[in-house]
A.B. asks: 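One structure is given below, represented as structure tokens, and several questions about it will come after.
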Amino acid sequence: MSDLESRLSGGDEESPLLSIRNLSVDYVGRSAVRAVDDLSLDIRRGEIFGLLGESGSGKSTAILAALRLLPPPAVIVSGQVMFEGVDLLTLDEGALRRLRFRRIAVVLQSAMNALSPVLSIGEQITDVILAHEAASRGDAWARAGELLELVGIEAVRLRSYPHELSGGMRQRVGLAVALALRPALVVLDEPTTALDVVVERQILQRLAELSHARGFSILLVSHDVSSMLEFCDRLGVLYAGRVCEVAPRADLESGARHPYTRGLLDSLLSRHQAGTRLVGIPGAPPDIARPPSGCRFHPRCAFRVDLCEHTIPPLFAPAAGRALACHRPLQLVPPDVDASVPPRRTP
Amino acid sequence: MSEVPKALLEVRQLTKTFSVRSLSGQQAVTAADRVSFDLRGGEVVALVGQSGSGKSTILRVLAGLEAPSEGEVHLHGKPVLGRGLRPTLAFRRSVQIVLQDPFASLNPVHTVAHHLERPLLRHRLVSDRRALALRQAELLASVGLEPTADFLLKKPHELSGGQRQRVAIARALAVTPEIILADEPTSMLDVSVRVGILNLLADLKLSRGLSYLYVTHDLASARYLSDRLLVLCAGRVVESGPTESVIQEPAHPYTRQLLAASGLH
């Protein structure tokens, strides 16, 4: 485990900013449904980490649970979430509240609808600043203006009300609020799903620039594989509540080792060569109320062996900053072998 | 006389305005502004644009769900939509629509069998129970939902998103249309399932000689499926041409923006 510990975080001396260990989350009803199962992940300082998964993969559940933002019937069954030396899962409410916005800020998909309709944008941003810091209202107002400019909105808009702004602009305001107290970690849960494609791109672009300039980490949760591949430094792939693979973007693009990751990348239309036919992944994501035995991907996997059907593959660290859970990982193609021919799966 | 194949569907100067009530009184919003294009037999034309570009409005007009404000639409050279024209049953048999959200386009209280039975009975395409059952099974098989006997009895909530979209496609095929209008048929689906639906549409096009008008904001999927491309911005066609040439040499800055947003450039 200590080997995994050090390698999950990249193997360097610096400790990770956020470290999730063995997190399991259930939705409790007539019977419990395990939405997140034994999840371990590290977010490094200053990196943009993308958590990727299809609907029902548990990506949002995992992150919201780790930040203690998930209401019942979700229940955290086990795990540890270390952030700046404290375990978020055992922290008392008061300490947690002091951490929010100041150290960890969260922007949800619905952030654009979370603004108060009766207060101006400026008032709402200054409220956040004044609630956490001893600043004068005038200073806070000036900072609110700077924050708006930072996310690409003119400062004169401070006096606008939410209904006077477009969805994309309101989402940017949500972002400005998140950045107001210079947090170390900004968590974005599908921040642009409700937005137009062009607007989505502009916002992600701006965020990446800000993260690089100011050195805060971003944890981006999304199902949009192509934009994640463009903006994230490292990606984690979830399938049916479990981590399949974690790898730096470039490694993932050139050599995904989990058959599910490879299948996802092979499904990407933006990577498609004219005149060829994409394969996709046969079947559909499983119902997490009745997850398949063993490796949860095995019913859709072209490489499965008997072992996959009854034994859950453990998460191991094949290299620094990488993690993999597969009994039969795909082999990397050495760069001197014809790289123009991607390794094909033989069903 | 030239041998240019006659267009299956001719859209001429199609305009759709909506009146919107605002603080300053009634206002007219032009969702589609003098849009003209042809759809030829066996061809896929993609209509691409951002939210609000008017692409879905055009599709709804062509499906006969909204009346055009101006302009005309001809099918096989005969006017079918326009001023004073109401879509006929024969027109609806020729032109079918597949919608974006397979969670909303199927009725949750009815089985798959019911969804396929409705168009077959409405258009009097089967003569008895036996013919109906055969046709239902054949339709499901053609969209890859087998064993068909199992799927016929299922209700939408028992199906995945991809399976629901396959049912919606089977329903559209029930009346053996010539044209399918597809409104972002894969945008609600998971990435790993999308390709399967696009491949199914491509296969059906070949095996049944269908033509598609494919609406999307994703140029990457338009490139995968379409022969020609129309780029819409604020209700107007700003660029059009063979898909590959528009993507390789986009002339309009708006097209370049869309290309970047689809991860193509």
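Labels below follow one simple rule: chain letters A, B, ... track the order of the sequence lines, proteins then strands, and each chain is numbered from 1. Side chains included, hydrogens not; waters and symmetry mates left out as well; all remaining heavy atoms used.
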A.B. asks: Is the closest basic N to carboxylate O distance between A/Lys59 and A/Glu190 below 4.0 Å?
C.D. replies: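 Judged by the 4.0 Å cut-off on N to carboxylate O distance, A/Lys59 and A/Glu190 do form a salt bridge.
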A.B. asks: Thinking salt bridges, do A/Glu209 and A/Arg206 make one under a 4.0 Å N-O criterion?
C.D. replies: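 A/Arg206 and A/Glu209: salt-bridged.
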A.B. asks: When heavy-atom pairs shorter than 4.5 Å are enumerated against chain A, which of B/Gly161, B/Ala261, B/Ser192 gives the highest number?
C.D. replies: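 Going by pairs under 4.5 Å, I would pick B/Ser192.
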A.B. asks: Between B/Thr186 (side chain) and B/Leu189 (backbone), is there a donor-acceptor pair under 3.5 Å?
C.D. replies: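 Not confirmed, B/Thr186 side chain does not pair with B/Leu189 backbone.
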A.B. asks: Heavy-atom cut-off 4.5 Å, strictly under: side chain, backbone, both or neither for B/Glu244 against chain A?
C.D. replies: side chain
A.B. asks: Could you tell me which portion of A/Thr276 (side chain, backbone, both or neither) has an atom closer than 4.5 angstrom to a non-hydrogen atom of chain B?
C.D. replies: backbone
A.B. asks: Report the option among A/Ser55, A/Pro285, A/Gly283 that has the most heavy-atom pairs separated by less than 4.5 Å from atoms of chain B.
C.D. replies: A/Ser55
A.B. asks: Would you mind checking which part of B/Leu219 comes under 4.5 Å of any heavy atom in chain A, side chain (CB onward), backbone (N, CA, C, O), both or neither?
C.D. replies: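 Neither part; nothing is under 4.5 Å.
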A.B. asks: Once the angle between the rings of B/His110 and B/His114 is folded into 0 to 90°, is it parallel (under 30°), tilted (30 to 60°) or perpendicular (over 60°)?
C.D. replies: parallel
A.B. asks: In terms of side-chain geometry, is the basic nitrogen of B/Asp38 or B/Arg228 positioned less than 4.0 Å from the acidic oxygen of its partner?
C.D. replies: no
A.B. asks: Find the one option among B/His217, B/Arg194, B/Gln163 whose heavy-atom pairs under 4.5 Å with chain A are most numerous.
C.D. replies: B/His217
A.B. asks: I'd like to know if B/Asp227 pairs up with B/Arg40 as an ion pair, taking the criterion as any Lys NZ or Arg NE/NH1/NH2 lying under 4.0 Å from an Asp or Glu carboxylate oxygen.
C.D. replies: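 Result for this pair is no, no salt bridge flagged.
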A.B. asks: Residues two or more places apart in sequence or in another chain: which of them pass side-chain hydrogen bond (donor to acceptor under 3.5 Å, both in side chains) with B/Ser207?
C.D. replies: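 Partners of B/Ser207 under the side-chain hydrogen bond (donor to acceptor under 3.5 Å, both in side chains) test: none.
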A.B. asks: If you count heavy-atom pairs within less than 4.5 Å of chain A, which of B/Ser221, B/Gly196, B/Gly52 leads?
C.D. replies: B/Ser221
A.B. asks: Please state whether the side chain, the backbone, both or neither of B/Ser160 comes within less than 4.5 Å of a heavy atom of chain A.
C.D. replies: side chain
A.B. asks: So which of B/Val193, B/Asp190, B/Val195 has the largest heavy-atom pair count under 4.5 angstrom toward chain A?
C.D. replies: B/Asp190
